[in-house]
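The structure presented is a predicted model; accordingly, all values stated were derived computationally and were not measured.
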Amino acid sequence: MKNILILLFLLPLTALAQQNYPASIDNFMQAQVSVNRFNGNVLVAKAGKIIYQKAFGYRNYDTKQLLDTNSVFELASVSKQFTAMGILMLWEKGKLRLADTLRRYFPQLPYHGVTIQNLLTHTSGLPDYMTVMEQQWDHKRIAFNDDMINFIALKKVPANFAPSKRFEYSNTGYAILASIIEKVSGLTYQYFMHKNIFVPLGMDHSQVYNTRRSSKDIIPDYAYGFVFADSLKKYILPDSLKKDDAVFYLDGIEGDGTINSTTGDLFKWDQALKNHSLLNTVTQNTMLSAQSVMDTLTKKYYGYGVGIGTDQFGNYISHEGNWTGYSTILTRYPVKDVTIIVLSNNESNVSNIAYGITGILFDAQVTPPYVHKEIVADAKLLNKYVGNYSRINQGLTLHLSIIEKDGKLYRHQIGAADVELKPESNTKFFYGDGTDRQIEFETDKAGHVTRGWFINTGLRSELHKAKK
């Protein structure tokens with residue numbers, strides 16, 4: 001039976017995906033668990049209906065309590081879209097303006113010309129509070145939003161750049177937005193979210209929460225975030241590391257994180273954004289439209305609390321989150337009305353998982369992860385693969401070179417370290433850096449390379465070799 005499962009994991013998913021998406025996704029996810037130790041919950045929806053929802057692994061590695069579909073996860077930066085929603089709800093009611101300056105609400109801060117619009121779009125230039133407080137804050141004290149704001153004001157930390165000059169991801173900006181919500185509404189951030197978002201949408205398992213800050217109020221079915229300890233070869237609670245760099249002293253900061261939720265509740269949220277349930281159509285579309293440029297090369301933009309972009313599958317709206325013990329992602333492709341939610345409490349690579357599931361839903365050929373075993377390749381063949389290659393990704397032509405050093409092949413790219421390409425056959429090589437990437441070549445009867453494939457997280461794109 002075990003051998004049959006391994007063979008199933010190795011099958012490309014094109015045919016399966018066209019016939020049975022849930023089975024194909026489950027095949028892919030079982031491989032993620034077996035090979036990459038994924039621990040967490042997944043929900044996939046198509047045309048407004050859940051087609052796949054499953055929990056994998058433990059909500060507490062120590063007690064061996066299992067996750068279920070109602071398990072609650074820290075969302076980390078996926079929380080930012082909720083903070084943005086709070087601001088937009090107040091804007092729509094005329095309680096504030098996006099052109100309002102930061103100093104209107106916090107005159108003690110030494111940053112002139114920064115607006116709410118800048119805070120929403122990561123164009124404020126504000127310094128990173130995590131960096132500042134790592135160096136100068138008493139790590140035995142848990143900092144809250146007011147502490148952070150007053151600390152930055154006291155230290156007169158300089159801005160990184162003038163407002164609106166460029167994009168720079170800012171947790172500081174979103175924490176301050178949460179404090180603006182409190183000042184304008186007269187409610188705590190926690191209660192504002194509960195009253196205006198969670199209750200109206202029936203998000204019964206969602207709240208602003210932190211396990212250490214709220215240790216006396218434990219959420220039932222809570223998924224505790226675990227990290228892998230190399231020395232112990234097992235997953236442990238980050239609390240047991242007993243290190244300042246676990247950043248527990250920042251656990252009181254809200255707005256850039258600290259929303260906790262389930263995959264089911266996040267699907268309700270996703271559908272509310274799609275159906276304009278909380279905002280009017282114009283305001284909602286503004287939130288989900290490009291407001292600032294994240295990357296001109298790949299044409300990635302930021303809306304209000306969400307990323308906006310285009311890949312080989314079409315336009316998408318997405319955001320990831322990472323905090324000690326957690327990694328999360330919520331992605332929607334409007335063109336096919338597809339939603340993918342992956343929540344992990346052991347820092348699994350949720351971005352790669354969501355990418356693979358997307359490929360399945362768009363009927364691409366997807367190979368689930370498997371254990372790569374290095375062989376001794378025929379050294380005479382290696383020289384045939386040396387050369388310059390190109391591939392198309394998101395409309396861009398990307399280049400890489402394959403070089404030979406000391407009888408081994410390496411991926412060579414300007415500005416990056418060479419990565420050894422380890423042979424698993426005479427025509428297929430896997431990246432030696434631990435990432436789920438491979439290069440496979442096709443040859444004719446004479447052994448000449450006819451074409452190649454770059455495989456990333458199971459998805460294949462054609463490699464074109466430059467002529468000499």
Using only heavy-atom distances, determine whether the side chains of [X] and [Y] contain a donor-acceptor pair under 3.5 Å.
X: H276; Y: T281; result: yes
X: T283; Y: N280; result: yes
X: Q438; Y: W453; result: no
X: T457; Y: D436; result: no
X: K268; Y: Q271; result: no
X: Y302; Y: K80; result: no
X: Y129; Y: N145; result: no
X: S289; Y: Y301; result: no
X: N345; Y: N39; result: yes
X: Y189; Y: H194; result: no
X: Q65; Y: T63; result: yes
X: T69; Y: Q53; result: no
X: E347; Y: Y235; result: no
X: N346; Y: S348; result: yes
X: S327; Y: N322; result: no

Problem set entry | Pair D418 + R411, salt bridge at N-O below 4.0 Å |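 A salt bridge is absent here (no side-chain N lies under 4.0 Å from a carboxylate O).
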For this session: Carefully, step by step, assess N171 and S77 under the rule side-chain contact (heavy atoms from CB on, under 4.5 Å).
Result: CA-CA 8 Å; N171 286 305; S77 286; 4.0 Å; yes
Are the side chains of [Y] and [X] in contact, using a 4.5 Å heavy-atom criterion?
X: L120; Y: L177; result: yes
X: D62; Y: I236; result: no
X: L96; Y: I116; result: yes
X: T324; Y: V227; result: yes
X: N285; Y: L288; result: no
X: T331; Y: I341; result: no
X: M294; Y: H122; result: no

For this session: Starting from the C-alpha separation in whole Å, work towards a yes-or-no answer on salt bridge (charged side-chain N to carboxylate O under 4.0 Å, His left out) for D337 and K274.
Result: CA-CA 9 Å; D337 197 4; K274 184 184 79 170; 3.0 Å; yes
Any sub-3.5 Å donor-acceptor pair from [X]'s side-chain atoms to [Y]'s backbone N or O?
X: T121; Y: Q117; value: yes
X: N41; Y: D68; value: yes
X: D311; Y: F313; value: yes

For this session: Evaluate the side chain to side chain donor-acceptor pair (under 3.5 Å) criterion for residues D270 and T339: first the C-alpha distance (whole Å), next the side-chain angles of each, then the deciding distance (0.1 Å), finally the verdict.
Result: CA-CA 8 Å; D270 172 76; T339 301; 2.7 Å; yes
For atom [atom1] of [X], decide whether the heavy atoms of other residues, nucleotides or ligands shown that lie under 6.0 angstrom number more than 12.
X: K336; atom1: NZ; value: yes
X: L232; atom1: CG; value: yes
X: K49; atom1: NZ; value: no
X: Y58; atom1: OH; value: no

For this session: Sorted by first residue and then second, give each side-chain hydrogen bond (donor to acceptor under 3.5 Å, both in side chains) pair with at least one member in residues 198-207; sequence neighbours left out.
Result: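 Residue pairs passing side-chain hydrogen bond (donor to acceptor under 3.5 Å, both in side chains), neighbours aside: S206-S261, S206-D265.
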What's the separation between atom [atom1] in [X] and atom [atom2] in [Y], rounded to the nearest 0.5 Å?
X: W323; Y: L75; atom1: CH2; atom2: CG; answer: 14.0 Å
X: E254; Y: I181; atom1: CD; atom2: CD1; answer: 10.5 Å
X: S71; Y: D221; atom1: OG; atom2: CG; answer: 3.5 Å
X: I25; Y: N20; atom1: CD1; atom2: CG; answer: 9.0 Å
X: T115; Y: R97; atom1: OG1; atom2: CZ; answer: 10.0 Å

For this session: Mind running side chain to side chain donor-acceptor pair (under 3.5 Å) on N456 and Y431 for me, showing each step along the way?
Result: CA-CA 10 Å; N456 184 19; Y431 279 52; over 6 Å; no
For this session: I would like to know whether N118 and S164 meet side chain to side chain donor-acceptor pair (under 3.5 Å); could you show each step before the answer?
Result: CA-CA 7 Å; N118 292 136; S164 302; 3.0 Å; yes
For this session: Any chance you could lay out the side-chain contact (heavy atoms from CB on, under 4.5 Å) test for Y410 and I402, step after step, and finish with the verdict?
Result: CA-CA 6 Å; Y410 289 82; I402 295 178; over 6 Å; no
Verify whether the ring centers belonging to [X] and [Y] lie closer than 6.0 Å.
X: Y222; Y: Y209; value: yes
X: Y385; Y: F429; value: yes
X: Y370; Y: H372; value: yes

For this session: Mark yes or no: K428 above the aromatic ring of F441, with NZ or CZ under 6.0 Å from the six-membered ring centre and no more than 45 degrees from the axis.
Result: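 Cation-pi check for K428 and F441: fails.
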Exercise. Is NZ or CZ of R37 both nearer than 6.0 Å to the six-membered ring centre of F228 and within 45° of the ring axis?
Worked result: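 Judged by the rule (NZ or CZ under 6.0 Å from the ring centre, within 45° of its axis), R37 counts as positioned above F228.
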For this session: For ring pair (Phe, Tyr, Trp, His ring centres under 6.0 Å), just list the numbers for Y224 and Y61, CA-CA rounded to whole Å, side-chain angles, deciding distance to a tenth of an Å, and then say yes or no.
Result: CA-CA 8 Å; Y224 290 89; Y61 277 85; over 10 Å; no
For this session: List the steps and the verdict of side-chain contact (heavy atoms from CB on, under 4.5 Å) for H399 and Q413.
Result: CA-CA 8 Å; H399 300 276; Q413 216 163 15; over 6 Å; no
For this session: Test K422 against E424 for salt bridge (charged side-chain N to carboxylate O under 4.0 Å, His left out), laying out the working first.
Result: CA-CA 7 Å; K422 297 185 176 183; E424 57 183 87; over 6 Å; no
For this session: Show the numbers, then the answer: is there a side chain to side chain donor-acceptor pair (under 3.5 Å) between D26 and Y52?
Result: CA-CA 8 Å; D26 196 55; Y52 185 83; 2.6 Å; yes
For this session: Begin from the C-alpha positions of E440 and R460 and carry the test salt bridge (charged side-chain N to carboxylate O under 4.0 Å, His left out) through to its verdict.
Result: CA-CA 10 Å; E440 185 172 16; R460 300 161 69 89; 3.2 Å; yes
For this session: Start with the C-alpha distance between L119 and L126, add both sets of side-chain angles, then the distance that settles side-chain contact (heavy atoms from CB on, under 4.5 Å), and finish with yes or no.
Result: CA-CA 9 Å; L119 300 177; L126 294 181; 3.6 Å; yes
